[in-house]
Amino acid sequence: HYEQVPFEVPGSWVWCTLGDLAFYKKGPFGSSLTKAMFVPKSNDTYKVYEQKNAIQKDNTLGSYFITKEKYDSLIGFAIQPYDIIVSCAGTIGETYVLPQNSQEGIINQALMLIRLYSREIEQFYLLYFDFILKEEAYKESKGTAIKNIPPFDVLKGFHIPLPPISEQQRILKEIEHWFSLIDIIERGKDDLQTTIKQAKSKILDLAIHGKLVPQDPNDEPASELLKRINSKAEITCDNGHYPVGWIETILGELFSHNTGKALNSSNKEGIFKDYLTTSNVYWNKFDFTAIKQMPFKESELNKCTVTKGDLLVCEGGDIGRSAIWNYDYDICIQNHIHRLRPKIDLCVPFYYYTFAYLKENNLIGGKGIGLLGLSSNALHKIEMPLPPLAEQQRIVQKIEELFSVLDNIQNALEV
């Protein structure tokens, strides 16, 4: 019993330390065991256990062996059946109970050996040992990643409350029950995350093919909309893919598009403006933590400036990722970003979701040597549906309504 203990325990329990329950040994110093000492496996060699044996819970892994003479000189590091080995480097704190048929050998520098004085407490000990390591790691790093096994004088001094054997078994059974429920919940969360992703993909598919909201015969046909953009445009009505009132066209008929200016850090002349690079653009959002300034000539500003409502499309990296500039101030762009500006009234978010659909279904990509890219010419020719303007707006409203519900569910799963 100890005068100062972390908390009160039932009368049938007893407080002790890790040092009261087991023998502990860390692997030999580096110079005591080097690769130069390893020999091919034979009938009279001894195995060198590594941390991968602990991490992967397999005593047969590894191909390092030593002679009997070397084994005898390092006999203090020899393993016995049912010893617990603990990984002390890389993935730290993984434990493994060596089975009875384990080959004779020693632990290496990256392992710690624990030999319980009584195997009756093995499962309860392992449970609490894992808890102690994570608690200690949390204190040191404010996280759950274990960086180092505590020194022996600290480790062996950790307190552990020890219940009677029968109560240990009941505790372990109860913990196993709750852990199995947690595993079921986690698997269910993963399945639900997958279902949410599939649902969003299906919503986009229905939206782009005119099946998400009903058509309204009173809407102005898309053909009239396209005529206002370009009276000479070739109008294709493909009712096999799209509803009556929709037409199929290409992006270049709907948007004027250009790219920004190639970045040149040595250029110091011109009007300095904030500019976006592809690293600032994500799917319908922007990262403003690393916005830089670049000098632009007066003649370049019209081509390179983004204004509210423009759709930006990246030509490289995650090819085709898009975002709408919905801010009340203008900004410039680099040459790897396409600026799409509607030629007439269009619901720009509808075309953002169209790009998302194309990307989801691998219908947008790039060509090039080495790094792929989406050229202006390829972008111009991308086939696009053109619904009536009013239907574009209804589709976007329905997508955002459904996505909002799915996002709320997804956010709740991550809490």
Side-chain angles (χ1 to χ4, degrees), residues 56-57 91 134 143-145 174-216 238-243 246 248 251 278-287 311-314 316-324 326 340 346-366 372 374 382-388 390-415:
Q56 299 183 43
K57 321 296 185 195
T91 304
K134 286 184 170 56
T144 56
E174 189 70 12
I175 288 173
E176 184 179 351
H177 167 71
W178 287 109
F179 276 13
S180 67
L181 289 180
I182 291 169
D183 288 341
I184 292 170
I185 292 169
E186 289 296 331
R187 287 195 298 272
K189 286 171 66 175
D190 291 341
D191 292 344
L192 190 51
Q193 294 275 20
T194 300
T195 301
I196 289 171
K197 184 178 180 181
Q198 292 170 343
K200 285 186 172 184
S201 180
K202 185 62 177 178
I203 289 167
L204 291 178
D205 180 71
L206 294 173
I208 301 311
H209 291 94
K211 299 177 181 178
L212 188 63
V213 299
Q215 280 71 51
D216 185 341
D238 182 359
N239 291 334
H241 289 89
Y242 302 113
W246 289 43
E248 186 175 53
L251 184 137
T278 53
S279 62
N280 299 120
V281 182
Y282 294 81
W283 282 100
N284 212 26
K285 62 182 180 180
F286 299 91
D287 178 5
L311 177 61
L312 305 183
V313 181
C314 295
D318 182 14
I319 296 171
R321 72 184 181 279
S322 311
I324 301 170
N326 274 325
L340 305 186
L346 292 173
C347 182
V348 176
F350 174 81
Y351 289 96
Y352 162 76
Y353 287 118
T354 302
F355 270 101
Y357 166 79
L358 294 173
K359 185 68 178 181
E360 177 76 20
N361 290 275
N362 297 314
L363 297 174
I364 186 171
L372 297 180
L374 179 63
I382 293 175
E383 294 180 350
M384 286 282 166
L386 179 62
E391 189 169 348
Q392 294 176 35
Q393 294 165 340
R394 292 197 300 273
I395 289 170
V396 168
Q397 183 178 0
K398 178 57 72 173
I399 290 174
E400 291 179 348
E401 175 187 323
L402 295 173
F403 275 23
S404 177
V405 173
L406 295 173
D407 287 341
N408 286 339
I409 296 172
Q410 195 163 23
N411 291 337
L413 292 176
E414 294 171 359
V415 173

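In this text, all values refer to a predicted model and were calculated from it rather than measured experimentally.
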| field | Heavy-atom pair of closest approach, residues Leu374 and Cys314 | value |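 Smallest heavy-atom distance, with atoms named: CD2-O, 4.5 Å.
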With sequence neighbours left out, write down each residue that passes side chain to side chain donor-acceptor pair (under 3.5 Å) with [X], or none if nothing qualifies.
{"X": "Arg394", "value": "Asp219"}
{"X": "Glu174", "value": "Trp178"}
{"X": "Gln193", "value": "Gln410"}
{"X": "Asp407", "value": "Lys200"}

Please report the interatomic distance [atom1]([X]) to [atom2]([Y]), rounded to the nearest 0.5 Å.
{"X": "Gln198", "Y": "Asp191", "atom1": "CD", "atom2": "CG", "value": "9.5 Å"}
{"X": "Arg321", "Y": "Leu312", "atom1": "CZ", "atom2": "CG", "value": "11.0 Å"}
{"X": "Gln392", "Y": "Tyr351", "atom1": "CD", "atom2": "OH", "value": "4.5 Å"}
{"X": "Tyr352", "Y": "Ile399", "atom1": "OH", "atom2": "CD1", "value": "10.0 Å"}
{"X": "Ile203", "Y": "Leu406", "atom1": "CD1", "atom2": "CG", "value": "5.0 Å"}
{"X": "Leu413", "Y": "Ile409", "atom1": "CG", "atom2": "CD1", "value": "7.5 Å"}

| Taking only residues two or more places apart in sequence or in another chain, which ones pass side chain to side chain contact (heavy atoms under 4.5 Å, CB included) with Asn361? |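 Scan of Asn361 (side chain to side chain contact (heavy atoms under 4.5 Å, CB included), adjacent residues dropped) gives Tyr357, Leu363.
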| request: Inspect the surroundings of CD in Glu176 and state if more than 12 heavy atoms from other residues, nucleotides or ligands are less than 6.0 Å away. | output: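 Counting neighbours around CD of Glu176, 12 or fewer heavy atoms of other residues, nucleotides or ligands fall under 6.0 Å, so no.
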Please tell me if the side chains of [X] and [Y] come closer than 4.5 Å, counting only heavy atoms from C-beta onward.
{"X": "Ser279", "Y": "Asp287", "result": "no"}
{"X": "Leu311", "Y": "Ser322", "result": "yes"}
{"X": "Glu391", "Y": "Trp246", "result": "yes"}
{"X": "Arg187", "Y": "Ile185", "result": "no"}
{"X": "Leu386", "Y": "Leu346", "result": "yes"}
{"X": "Tyr353", "Y": "Ile395", "result": "no"}

| query | Parallel, tilted or perpendicular for His209 and Tyr242, by the 30°/60° rule? | reply |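 Judged by the thresholds at 30° and 60°, the geometry between His209 and Tyr242 is parallel.
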| field | Test side-chain contact (heavy atoms from CB on, under 4.5 Å) applied to Leu206 and Val213, step by step | value | CA-CA 9 Å; Leu206 294 173; Val213 299; over 6 Å; no
| request: Apply salt bridge (Lys or Arg N to Asp or Glu O under 4.0 Å) to Lys202 and list each qualifying residue two or more places apart in sequence or on a separate chain. | output: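 Only Asp205 meet the salt bridge (Lys or Arg N to Asp or Glu O under 4.0 Å) criterion with Lys202.
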